[in-house]
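Report on the following structure.
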2 protein chains.
Amino acid sequence: MPLNERKKQILYAVVKEHVNNAEPVGSRTLARRYNLGFSSATIRNEMADLEEMGYLKQPHTSAGRIPSEKGYRYYVDFLMEVPALTEEEEIRLNKALKLEKMREIEQIIQNVSKGLSEITNYTSLVIAPQLTKSAFKEMRIIPIDEQRGIVVLITDTGFIKNKIINLPRMLNPQELNQVVNYLNKRLRGLAIDQVTNSLLRELKRDLFHRIEILEQAFLLLEESLSEDDNRIFLGGTTKILNQPEFKNVEKIKRLLSLFEQDSLLMSLLSSALEKKDVWVKIGKENKLKEAQECSLVTASYKVGGKTIGTIGVLGPTRMQYAKVIAIVKYFAEQLNQLF
Amino acid sequence: MPLNERKKQILYAVVKEHVNNAEPVGSRTLARRYNLGFSSATIRNEMADLEEMGYLKQPHTSAGRIPSEKGYRYYVDFLMEVPALTEEEEIRLNKALKLEKMREIEQIIQNVSKGLSEITNYTSLVIAPQLTKSAFKEMRIIPIDEQRGIVVLITDTGFIKNKIINLPRMLNPQELNQVVNYLNKRLRGLAIDQVTNSLLRELKRDLFHRIEILEQAFLLLEESLSEDDNRIFLGGTTKILNQPEFKNVEKIKRLLSLFEQDSLLMSLLSSALEKKDVWVKIGKENKLKEAQECSLVTASYKVGGKTIGTIGVLGPTRMQYAKVIAIVKYFAEQLNQLF
DNA sequence: TTTAGCACTCTTAATAAAAGAGTGCTAAGC
DNA sequence: GCTTAGCACTCTTTTATTAAGAGTGCTAAA
C-alpha cells in the first residue's frame, strides 16, 4: 500500500519537527504548527496508520510519534528536497575552506574535516587520498648525509609520498642508482595495489646482494600499500555530544572509543568508496554496531576519474539530512576540482 | 605545625584508599582496613586536625574525608615512594614500546603516546621533538618534476624535516643552487628560533629577484618556527572517562573540547619544558581552567643536552601518582637513549 | 470521511519518608 | 593526658507516593 498524499505530508512534517526538537511529535502540535488543513484527530488516524506501516513509532503508549529508520529512509529517498546552496552560503563555505592557499595534502584534508564539522555541527570523517588507487610512476632515493636519505614515490595521479630512511654504509651512489633503476623498471605502470607481497619477494630475490637498501625502499612501498596509509581525519568529535541522544555517558564512551579506532572508522566508510554520488546510511544500515544509533552521509572524491578518498558526516539518526547532504556534496565537488 | 608520625600515616592511608575507591574515606573503614594500631575515634580526632590544617576535606558534613589538593601535594612531596620498576615490568613496557624498530619520529611518538596511555590507564600527551630548540645546519631543494620539488631542512641535532613545494617555472638548476647556497650561508649555525621574521624579511630583500622560490623555501622555515610544528599526540582520550569523576556529561564535554585544541594543550605542557626531572601539577596548580580538576605528570626528553620535547599523563586529581611518575620517568629515559 | 469530546495511559516532576554512613562530642578507661 | 566506646545528630542516597501533563484511541456527531 503506497502512501497517499496526506500521509506523505504528515510523515514529512513529523520528520522535520522531530529533527528540530528531538522530541516525540504529537498530533496536536502538528495541527497547530503546520497548516495542514485537517484536524488533530485526522492526523491521529493517519499517524496510527503510518505506525502500523512501520514509518513511525511510539516511544511508549500515549506519547507522540517519532520517525522509525524506515521513516527516515522514506524521507531521504522520496520526500526531502536537497537545497542548492545559495551563492551566499557558497561564499561562506569557501571562506571556511580556504583551499586555494593549501599546498600539502594533509593540510587540505584537515581543513576540509574542520570545515565540514563546523558547518554541519556534526562529526566529520575524511579519508586522505589513497595511493593504492593510483599507479606507480617512479621512485627515487636521494642521499642526505652519509647515513640517511629520502625515498620519494611518485604516482601517475601526481601524488608524492616521501620517507626518510637509513642508508646502508657500503652502498655507493652508482649502486644505489642501479637498485633504483631496476625497481623502476619492474614497477612502472603497476597500480599500487597490484604491487603484491609476492612481487616484492621476487624483487628481493633478484636484488639479494643489495638487500639492505632494498628493505628500506620497500618500507615506503609497503607503507603506501598498508591500511594505515589510509589515514582518517576526524573533526568536531565533541560536536555530536551536543545532541540530546548522547546525554548518556555510556553512549558517549562507546562512540568515542569508536573514534579512537581508525580501522573501525575505515570499515564504516569503506562501503561508500566506489559508490554513487552521495551515500546515506541510516541507523542499522551501518554494519558497525557502534554506529547503529547514528547516520552517516558520505561522498567520494576523485582524481582523473579514479575514486581515491571519501568524506563523510556522522550524526545522530535524527539528522538534518537535506542540509548535510547538500554540504557534503559541495565539499566533495570542491575536492574534485582541487586535485 | 608539622605533621606528626601518626598524622602522616593517616594522610597516607586516606590518599591510598581514596585513590583506589574514589569515595570519601571514613574513620571506621580506615581502622578496619589498615592495621594502624589505634581506634576509629582516634583516627577521627586526627582527621579533624588534618582537615583544619587543610590536608583533608569533607564533601559535606557527616561524610568521610577526601584529600585536598594540599593533601595530594604533601603526599607527592613527602609521603609516597616512587617504586623502581621491576625487571618484569620493564620488559612489559619495552614490549609495549617496541621502539627499536621505529625509524620515523612520528611513529615513535605515536607509539610512546599509545603505550603511556595503555599502561597508566589515563590520557597521555606527547610533544614531538621541537625543531625550534635545534640549530640550523643545512637546507636543500631537490627538484622532482618540472613543477615540484622537496625542501629539506637539516638541524644540528640530526633531525630532518621536509616539505613538497611548487617550483616556479623560470628557475633553472643553477639559479636554484645560488639561492640555496646563499640561504645556507646566512642561516647556518643559527638556532631555529633565532631565525626571526625580521631576518627573513632581510633575506627576502637580498634575493628579491628570486623571490618566488624563496617564498616556498621560507614556508618550510616558517613552519619549523610556527607553533603548529609543535605537534601534540594524544593517546587514550577516552581512558580518563572511565574515572568516576567524569560521569557528568558537562565535564566530559569540557575536557574533550580541551583535547581538541592543540594550542591549549601546548600551553598546559609548556611550563614543563626546561624544568626538572619529573614535574607534577595537581588540580589548580594547572593554569588552564579546563584542566583544574586534573593532575598532570610530565617529563622532558633531550637530544645532546637540549630539551626538545615533553611527555605527560593527564588524569583526575585522584591519580595514582607514584605509579604514573615511575612510568613517565621511564618513558622519558627511553626516549633520551633513543635519540 | 472528518472532527469534537472525553476517558484512559504513561511519563516526568515533585514531595515525603526511610535507610545508611560517618561524624562530633561526652564520658569512661588506661 | 591521651585513647577509646557510645550515642545523638546530620546529611546523602534510595525508595515510594502523588500530582501534573501530554497524547492517544475510541465514540458519536457533523
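Both backbone and side-chain heavy atoms feed into the values below; hydrogens, waters and symmetry mates do not.
In this structure, CG of Asn45(A) is placed 12 Å from P of dT27(D), rounded to the nearest angstrom. Rounded to whole angstrom, the span from the CD1 atom of Ile10(B) across to the P atom of dT3(D) amounts to 10 Å. The separation between Asn4(B) atom CG and dC2(D) atom P is 12 Å, rounded to whole Å. Atom pair Arg6(A):CZ and dT1(C):C1' shows a separation of 8 Å (rounding to whole Å applied). For Phe38(B) and dG29(C), the CZ to C1' distance is 19 Å, given to the nearest whole Å. Separating the CD atom of Glu23(B) from the C1' atom of dT13(D) is a distance of 12 Å, rounded to the nearest angstrom. If you measure from atom CD of Glu46(B) to atom P of dC25(C), you get 15 Å, rounded to the nearest angstrom. Rounding to whole angstrom units, CD1 of residue Ile43(A) and C1' of dT1(C) are separated by 15 Å.
Ring-plane geometry between Tyr74(A) and Tyr55(A) is classed as perpendicular, the angle between the planes exceeding 60 degrees on a 0 to 90 degree scale with a lower cut at 30.
In this view, Glu245(B) and Arg318(B) satisfy the salt bridge (charged side-chain N to carboxylate O under 4.0 Å, His left out) rule, not counting sequence neighbours. Residues passing the side-chain hydrogen bond (donor to acceptor under 3.5 Å, both in side chains) test with Glu17(A), sequence neighbours excluded: Asn21(A), Arg33(A), Tyr34(A). Scored by the side-chain hydrogen bond (donor to acceptor under 3.5 Å, both in side chains) test, Thr29(A) finds no partners at all (sequence neighbours excluded). Under the ring-ring contact (aromatic ring centres under 6.0 Å, His included) criterion, Tyr75(B) pairs with Tyr12(B), not counting sequence neighbours. Judged as a side-chain contact (heavy atoms from CB on, under 4.5 Å), and not counting sequence neighbours, the contacts of Ala48(B) are Arg65(B).
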Checking side chain to side chain contact (heavy atoms under 4.5 Å, CB included) for the pair Leu125(A)/Leu234(A): CA distance, chi angles, key distance, verdict?
-> CA-CA 5 Å; Leu125(A) 315 164; Leu234(A) 286 177; 2.7 Å; yes

With 3.5 Å as the limit, what N/O pairs link the protein to nucleotides 16-23 of chain C?
unit_1: dT23(C); atom_1: OP1; unit_2: Ser27(B); atom_2: N; d: 3.2
unit_1: dT23(C); atom_1: OP2; unit_2: Ser27(B); atom_2: N; d: 3.3
unit_1: dT23(C); atom_1: OP2; unit_2: Ser27(B); atom_2: OG; d: 2.7

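Phosphate proximity of dT2(C) to Thr42(A): absent, as no side-chain N or O sits under 4.0 Å from OP1 or OP2. A close approach under 4.0 Å does not occur between any side-chain nitrogen or oxygen of Ser39(A) and OP1 or OP2 of dT2(C).
Mapped onto DNA chain D by nearest heavy atom, Ala41(B) and Ala41(A) fall at different nucleotides, with Ala41(B) at the one closer to the 5' end.
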